[in-house]
A.B. asks: 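Dropping the structure in here first, questions after.
This one's a predicted model, so the numbers in the text were calculated from it and none came from an experiment. Numbers restart at 1 for each chain; the letters A, B, ... are given by sequence-line order, proteins then strands.
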There are 2 protein chains.
Amino acid sequence: MDGVLADVYAQFLEMHLKETGERIPEKSLLGVPEHIAFPLIEKHVRSKGFFRTVKVMPSAIPVLEELNRAYEVYIVSAAMEYPNSLLEKYEWLQEHFPFISWKQIILCGSKYPIHTDIMIDDHFKNLNVFQGNRSFLYTQPHNELADTGKHQRVRNWQDLADLLLA
Amino acid sequence: MDGVLADVYAQFLEMHLKETGERIPEKSLLGVPEHIAFPLIEKHVRSKGFFRTVKVMPSAIPVLEELNRAYEVYIVSAAMEYPNSLLEKYEWLQEHFPFISWKQIILCGSKYPIHTDIMIDDHFKNLNVFQGNRSFLYTQPHNELADTGKHQRVRNWQDLADLLLA
């Protein structure tokens, strides 16, 4: 979800601005881990409403709706470290992706025991232990400078549509 | 969780008694699906506190603590149909099984994409699509009369200790 369906960077930037009056320059985020780029991140992700009000990534809704017709889709989110996010994440999916049923949602700690054929993720820690066929690195500032290794980089949902719905 | 770690039958019986004054005879539960045995089940599982206050299955705590030393344990619960249960289930695990970290918890809709070597469950719908090596049917009244098929029946947590910790 975060960094793929949910535009958490927009939320981090906005909350940082609101709390400190300081606008973090976007180019300072490139290649920097999120917990270093956003010094208030732990407070912000634990604050009520963070996940419930995050913006949807551009084009995620129409592309995922198409993918959901063509594939067996699961939304897998490593949410368990932030237990107050669990209901917020469920409600956020219900609001923006009503075509995703509760049967397709998995909120976990580690993604390791969840086996699928394809994974789309922005974090190497999840992609590198994935055992399926195709792994896509969804571009986010923290991974933008990294060598993708065996994973295929996608810059946005349109890239995913081109690759998976062609 | 439900029917394996959590004694949901005790909770169903108590809530039915409290609401109707009627005590459901335990022998009437044998071989009967839960939603038929407990006509108020949908209301009760959706009521605040149902999962937070359910009793722990006898011996589940010490045996799971030992299993957690010997195996890579995941607690997988099909909770997503009842989104208000998500936080309650997390808090319940924290209270009774503090040795289980958030990294080991998976709250899902379908258990199908979660792959492990061993599964312990009380429902055939989960066990029958399981792709690992050993599947244990945890005895609950609804499955007590059923032929276990390829699964191995365990009556309680002591049985699991004998089979998995010997």
A.B. asks: Should Tyr90(B) and Val45(B) be counted in the same cluster of Ile, Leu, Val, Met, Phe, Trp and Tyr side chains packed under 4.5 Å apart?
C.D. replies: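 Yes; Val45(B) is reachable from Tyr90(B) via cluster members.
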A.B. asks: Out of Ile114(A), Val76(A), Thr116(A), Ile105(A), return the one with the most heavy atom pairs under 4.5 angstrom to chain B.
C.D. replies: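 Among Ile114(A), Val76(A), Thr116(A), Ile105(A), the one with the most close pairs to chain B is Ile105(A).
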A.B. asks: Side chains of Leu87(B) and Asn84(A): does their closest heavy-atom pair fall under 4.5 Å?
C.D. replies: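 Yes, at least one pair of side-chain atoms sits under 4.5 Å.
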A.B. asks: Under 4.5 Å, counting heavy-atom pairs only, tell me which of Gln94(A), Glu81(A), Gln131(A) racks up the most with chain B.
C.D. replies: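 Highest number of pairs under 4.5 Å: Glu81(A).
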A.B. asks: Check whether Glu91(B) gets within reach of chain A through its side chain, its backbone, both or neither, counting any heavy atom under 4.5 Å.
C.D. replies: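 For Glu91(B), neither part sits under 4.5 Å from chain A.
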A.B. asks: Do Leu160(B) and Leu165(B) share a hydrophobic cluster (ILVMFWY, side-chain heavy atoms under 4.5 Å, transitive)?
C.D. replies: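 In one cluster: yes.
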A.B. asks: Using a cut-off of 6.0 Å, state whether more than 12 heavy atoms not belonging to Arg155(A) lie near its atom CZ.
C.D. replies: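 No, not enclosed.
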A.B. asks: Cys108(B) versus Leu107(A): any side-chain heavy-atom pair under 4.5 Å?
C.D. replies: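 The answer is no; the side chains never approach within 4.5 Å.
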A.B. asks: For the hydrophobic clusters of this structure (ILVMFWY residues joined by side-chain heavy atoms under 4.5 Å, transitively), does one cluster hold both Val4(A) and Leu29(A)?
C.D. replies: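 Yes; Leu29(A) is reachable from Val4(A) via cluster members.
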A.B. asks: Determine whether Val154(A) and Val56(A) fall in the same hydrophobic cluster, where Ile, Leu, Val, Met, Phe, Trp and Tyr are linked whenever their side-chain heavy atoms lie under 4.5 Å apart.
C.D. replies: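 Same cluster.
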A.B. asks: Among Gln104(A), Lys103(A), His115(A), which residue forms the greatest number of heavy-atom pairs with chain B at distances under 4.5 Å?
C.D. replies: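 Heavy-atom pairs under 4.5 Å are most numerous for His115(A).
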A.B. asks: For Glu95(B), I'd like to know if atom CD has over 12 heavy atoms of other residues, nucleotides or ligands within 6.0 Å.
C.D. replies: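 Result for CD/Glu95(B): enclosed.
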A.B. asks: Do the non-hydrogen side-chain atoms of Trp102(A) and Tyr82(B) ever get within less than 4.5 Å of each other?
C.D. replies: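 Trp102(A) does not reach Tyr82(B) side chain to side chain.
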